[in-house]
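Down below is the structure, laid out as structure tokens.
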Amino acid sequence: MKIATWNVNSLNVRLPNVLAWIDQAKPDILCLQETKLTDDKFPTAAFEDKGYYVEAHGQKTYNGVALLSLHPMEDVTRGLPGDKSDEQARYVEATIIADDNAVRVASLYLPNGNPVDTDKYPYKLGWMTRLEKRMQKLLALEEALVFAGDYNVIPANEDVHDPEAWADDALFKPETRAQFRRMLNLGFTDSYRACHATPNQYSFWDYQRGAWPKDHGIRIDHLLLSPQAVDLLTGSDIDRDVRSWEKPSDHVPVWCELDI
DNA sequence: ATGCCGGGCGAAGCCCGA
């Protein structure tokens with residue numbers, strides 16, 4: 001079972017690329033972020049035509065996440081639990097039923113948090129604390145779990161082309177990385193790092209300043225696996241070539257393969 | 001190291017992302 005995550009930066013604009021990538025990569029499950037669409041505008045039929053079930057959780061203009069799955073989905077949770085006043089559409093979670101196996105998958109779009117001297121940064125840290133609580137709660141079920149998405153977290157120096165330039169950024173500040181490590185320390189594994197020790201492998205390149213041709217990127221899109229999911233992990237990779245396509249997103253798909 | 005890009009909204013120029 002191939003599970004992928006991709007921040008598409010507007011599904012309206014990116015739909016042709018997403019459909020082309022699906023044809024090529026054939027993911028069983030695709031977690032999308034930054035769809036920027038309300039659920040009534042979601043291009044459900046385009047994915048159903050390819051055999052996917054769709055669970056979207058969107059809003060107008062900003063954010064928006066979705067789960068596409070070739071297998072049926074159950075028990076859908078929309079919105080990250082823990083703050084009923086939070087109206088930002090950044091989280092959707094469902095159980096995917098594949099034959100005799102089940103895996104619970106979340107598609108998440110963690111807040112950026114910049115500028116750090118505004119309320120955006122405490123919102124990010126608060127959101128991370130809520131995510132950690134959610135992970136802890138699901139971990140107790142001892143099931144295969146995959147939390148996939150745009151974490152807006154650079155885990156380590158080897159995941160950014162110029163660590164010093166990013167030192168005070170919300171994506172790389174020590175507090176941000178410490179909070180990310182707390183999630184890993186619950187018992188979760190970064191699928192890409194479990195499969196590759198190679199430094200300087202990125203999932204995002206800014207549209208500006210020639211970041212892509214210079215390979216000035218950051219690795220911020222991750223799949224975090226519970227121990228039961230890691231036991232099934234057979235591979236993980238970043239489809240970096242997609243960044244060179246016509247009208248690309250600034251993020252590329254990241255995926256892992258589970259022996260299910 | 002920000003807003004040089006790219007997208008949304010809406011029909012110009014501002015807001016936002018990372």
Side-chain angles (χ1 to χ4, degrees), chain A residues 5-19 21 31-43 56-66 86-91 107-128 131 148-177 179-180 192 200-222 238 240 242-254:
Chain A
T5 179
W6 191 5
N7 179 324
V8 294
N9 185 19
S10 169
L11 186 54
N12 252 342
V13 173
R14 220 66 62 204
L15 185 60
N17 285 19
V18 175
L19 295 174
W21 184 78
C31 303
L32 297 174
Q33 299 90 36
E34 281 210 87
T35 56
K36 304 187 181 182
L37 290 171
T38 51
D39 294 350
D40 60 308
K41 300 272 177 56
F42 198 91
H57 177 50
Q59 66 185 93
K60 191 176 161 72
T61 309
Y62 303 117
N63 310 317
V65 290
D86 185 357
E87 294 179 347
Q88 298 192 30
R90 295 177 174 273
Y91 190 87
S107 176
L108 64 98
Y109 177 41
L110 205 149
N112 175 302
N114 282 309
V116 294
D117 58 352
T118 67
D119 55 6
K120 289 173 186 283
Y121 192 58
Y123 174 68
K124 175 178 192 156
L125 293 179
W127 206 95
M128 293 180 84
L131 178 59
D150 176 359
Y151 280 74
N152 272 314
V153 175
I154 301 165
N157 283 345
E158 66 210 49
D159 300 312
V160 50
H161 104 278
D162 185 357
E164 287 179 12
W166 288 81
D168 300 321
D169 193 280
L171 279 66
F172 195 54
K173 280 174 70 73
E175 297 92 321
T176 306
R177 285 188 280 157
Q179 183 63 48
F180 185 72
Y192 184 79
N200 309 109
Q201 300 299 304
Y202 309 127
S203 66
F204 169 93
W205 297 260
D206 202 298
Y207 289 120
Q208 301 180 82
R209 299 178 301 279
W212 167 244
K214 292 180 194 163
D215 198 24
H216 291 179
I218 51 180
R219 193 174 70 90
I220 55 175
D221 299 274
H222 311 298
I238 303 173
R240 80 190 313 271
V242 176
R243 187 63 175 79
S244 67
W245 290 10
E246 285 293 312
K247 283 195 83 67
S249 170
D250 37 10
H251 298 249
V252 296
V254 182

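Naming: A, B, ... by sequence-line order, numbering from 1 per chain.
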Between B:dT2 (P) and A:Leu171 (CG): distance, integer Å: 13 Å

Whole-Å distance separating the CG atom of A:Asn114 from the P atom of B:dA1: 14 Å

Parallel, tilted or perpendicular: ring planes of A:His216 versus A:His161, cut at 30 and 60 degrees: parallel

Sugar-phosphate only, base, or nothing, as touched by A:Tyr109 at under 4.0 Å among non-hydrogen atoms: sugar-phosphate

Spacing between A:Asp250 atom CG and B:dG17 atom P, to the nearest angstrom: 12 Å

Touch class at under 4.0 angstrom, heavy-atom based, for A:Asn63 against every strand present: nothing

By salt bridge (charged side-chain N to carboxylate O under 4.0 Å, His left out) - contacts of A:Asp159 (at least two apart): A:Arg193, A:Arg219

A:Trp166 CH2 to B:dG17 P, straight-line distance once rounded to whole Å: 13 Å

Sugar-phosphate only, base, or nothing, as touched by A:Asn152 at under 4.0 Å among non-hydrogen atoms: sugar-phosphate

Touch class at under 4.0 angstrom, heavy-atom based, for A:His216 against every strand present: nothing

Option from A:Phe204, A:Tyr202, A:Trp245, A:Trp205 for which ring-ring contact (aromatic ring centres under 6.0 Å, His included) with A:Trp212 holds: A:Trp205

Gap in Å between the two P atoms, one belonging to B:dG13 and one to B:dC4, rounded: 14 Å

Distance-only polar pair, side chains of A:Tyr62 and A:Gln88, donor-acceptor under 3.5 Å: no

Separation between the P atoms of B:dC16 and B:dA1, rounded to whole Å: 23 Å

Rounded distance (Å) that lies between atom C1' of B:dG17 and atom CD1 of A:Ile154: 14 Å

Nearest-Å distance for atom pair CD/C1', residues A:Gln59 and B:dC16: 12 Å

Pair A:Trp21 and A:Trp6, ring centroids less than 6.0 Å apart: yes

Whole-Å gap separating P (B:dA1) and CG (A:Asp117): 15 Å

Whole-Å C1' distance, B:dG7 and B:dA12: 16 Å

Can you pull every protein N or O that's under 3.5 Å from an N or O on nucleotides 4-8 of chain B?
{"unit_1": "B:dG7", "atom_1": "OP1", "unit_2": "A:Arg14", "atom_2": "NH1", "d": "3.1"}
{"unit_1": "B:dG7", "atom_1": "OP1", "unit_2": "A:Arg14", "atom_2": "NH2", "d": "3.3"}
{"unit_1": "B:dG7", "atom_1": "OP2", "unit_2": "A:Lys247", "atom_2": "NZ", "d": "3.0"}
{"unit_1": "B:dG7", "atom_1": "O3'", "unit_2": "A:Ser10", "atom_2": "OG", "d": "3.2"}
{"unit_1": "B:dG8", "atom_1": "OP1", "unit_2": "A:Ser10", "atom_2": "OG", "d": "2.5"}

Sugar-phosphate, base or nothing in reach of A:Asp168, heavy atoms under 4.0 Å: nothing

Ion pair check, A:Asp215 and A:Arg240, cut-off under 4.0 Å: yes

With sequence neighbours excluded, residues passing ring pair (Phe, Tyr, Trp, His ring centres under 6.0 Å) with A:Phe172: none

Nearest-angstrom distance, P atom, B:dG10 to B:dG6: 23 Å

A:Asn9 and A:Lys36, any side-chain heavy atoms less than 4.5 Å apart: yes

A:Lys120 NZ to B:dC15 P, straight-line distance once rounded to whole Å: 11 Å

Touch class at under 4.0 angstrom, heavy-atom based, for A:Lys124 against every strand present: nothing

